[in-house]
Amino acid sequence: MTTRILFVCLGNICRSPAAEGVFRALVPEARTDSAGTSGWHIGDPPYGPMQEAARARGFDISDLRARQFEAADFDRFDPIVAMDARNLRAIEALRPAGCATRVALFTDYADGAGADHVPDPYYTRDFDGALDLIETCARGLAARL
Ligand code: 4NP
């Protein structure tokens with residue numbers, strides 16, 4: 001079965017599009033998308049500084065556009081991968097009754113990284129630090145497919 005992975009953060013302009021961009025480079029045959037639990041940036045491209053930091057590592061994420069996470073995503077993707085606990089809770093709040101889709105924290109795949117969430121570079125301004133962790137998590141996820 002085709003792997004279908006959805007990456008979810010708050011705005012869908014920093015962490016989750018970066019995660020999608022890194023992961024699709026590692027596993028080109030996977031079906032991937034990203035979404036935000038907020039609707040604040042619907043239709044927007046990834047945040048400029050995030051795009052630049054990703055491009056500097058060879059990841060072009062300029063084609064991605066933000067959208068809001070919706071309950072129908074539980075049928076379209078498995079697993080759904082959240083960037084932090086707040087977003088994981090927002091995802092779980094929309095879980096349809098009887099739905100068995102896996103929802104995980106991205107950092108669950110980062111063996112030994114000691115992180116329990118991907119810090120939001122929109123606030124920390126540490127785009128490279130976020131990408132370092134995102135690359136570690138993405139490699140861990142790819143290894144567990
Ligand atoms: P993201 O970061 O969840 O990684 O996309 C954010 C981007 C924008 C906002 C918050 C978080 N915002 O408040 O607009």
Side-chain angles (χ1 to χ4, degrees), residues 3-96 99 101-145:
T3 305
R4 305 162 301 145
I5 301 179
L6 181 66
F7 299 94
V8 180
C9 63
L10 180 58
N12 194 206
I13 58 168
C14 287
R15 293 166 294 173
S16 61
E20 180 183 4
V22 169
F23 188 81
R24 73 181 177 181
L26 287 173
V27 189
E29 66 276 19
R31 181 174 145 203
T32 58
D33 196 7
S34 67
T37 54
S38 81
W40 300 335
H41 293 281
I42 291 170
D44 288 354
Y47 189 49
M50 188 82 253
Q51 283 199 49
E52 287 162 26
R55 184 173 292 116
R57 296 175 183 222
F59 305 108
D60 182 355
I61 58 173
S62 62
D63 59 305
L64 302 178
R65 294 295 178 271
R67 71 170 179 89
Q68 189 164 16
F69 179 79
E70 57 188 12
D73 287 317
F74 278 96
D75 293 328
R76 299 185 188 121
F77 299 95
D78 188 352
I80 296 168
V81 179
M83 297 299 127
D84 59 38
R86 172 185 174 185
N87 286 297
L88 185 139
R89 283 193 298 272
I91 293 163
E92 287 291 359
L94 294 179
R95 179 186 288 276
C99 168
T101 299
R102 292 165 295 167
V103 178
L105 284 173
F106 200 24
T107 47
D108 288 346
Y109 302 102
D111 304 312
D116 64 358
H117 69 292
V118 180
D120 192 340
Y122 191 76
Y123 301 113
T124 69
R125 314 309 294 176
D126 185 6
F127 296 93
D128 268 311
L131 276 169
D132 284 342
L133 182 56
I134 285 167
E135 288 201 58
T136 299
C137 297
R139 280 194 295 271
L141 176 56
R144 287 190 211 184
L145 292 179

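All figures in this text were calculated on a predicted structure; none of them were measured in a lab. Below, all heavy atoms of this structure are taken into account, side chains as well, without hydrogens, waters or symmetry copies. First listed ligand is number 1; within each ligand, the first listed atom is number 1.
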| query | Sequence neighbours excluded, which residues qualify as ring pair (Phe, Tyr, Trp, His ring centres under 6.0 Å) partners of Phe59? | reply | none

| Considering all heavy atoms of both residues, which atom of Ala115 and which atom of Leu133 are nearest to each other, and what is their separation? | CB-CD2, 3.8 Å

| remark: Glu70 meets the side chain to side chain contact (heavy atoms under 4.5 Å, CB included) criterion, sequence neighbours left out, with Arg67, Ala72, Asp73, Arg76

| query | Can you pull the residues with any heavy atom under 4.0 Å from ligand 1? | reply | Cys9, Leu10, Gly11, Asn12, Ile13, Cys14, Arg15, Trp40, His41, Asp120, Tyr122, Tyr123

List the atom pairs, with distances to 0.1 Å, where a side-chain N or O of residues 105-113 and a protein N or O form a donor-acceptor pair under 3.5 Å, not counting sequence neighbours.
unit_1, atom_1, unit_2, atom_2, d
Thr107, OG1, Asp116, O, 3.4
Asp108, OD2, Leu105, N, 3.3
Asp111, OD1, Arg144, NH2, 2.5
Asp111, OD2, Arg144, NH2, 3.3

| Would Arg57 and Asp128 count as a salt bridge (charged side-chain N to carboxylate O under 4.0 Å, His left out) if you check the C-alpha gap in whole Å, the side-chain angles of each, and the deciding distance to 0.1 Å? | CA-CA 10 Å; Arg57 296 175 183 222; Asp128 268 311; 2.8 Å; yes

| message | Taking the basic N atoms (NZ, or NE/NH1/NH2) and the acidic carboxylate oxygens, is any pair closer than 4.0 Å for Glu92 and Arg95? | response | yes

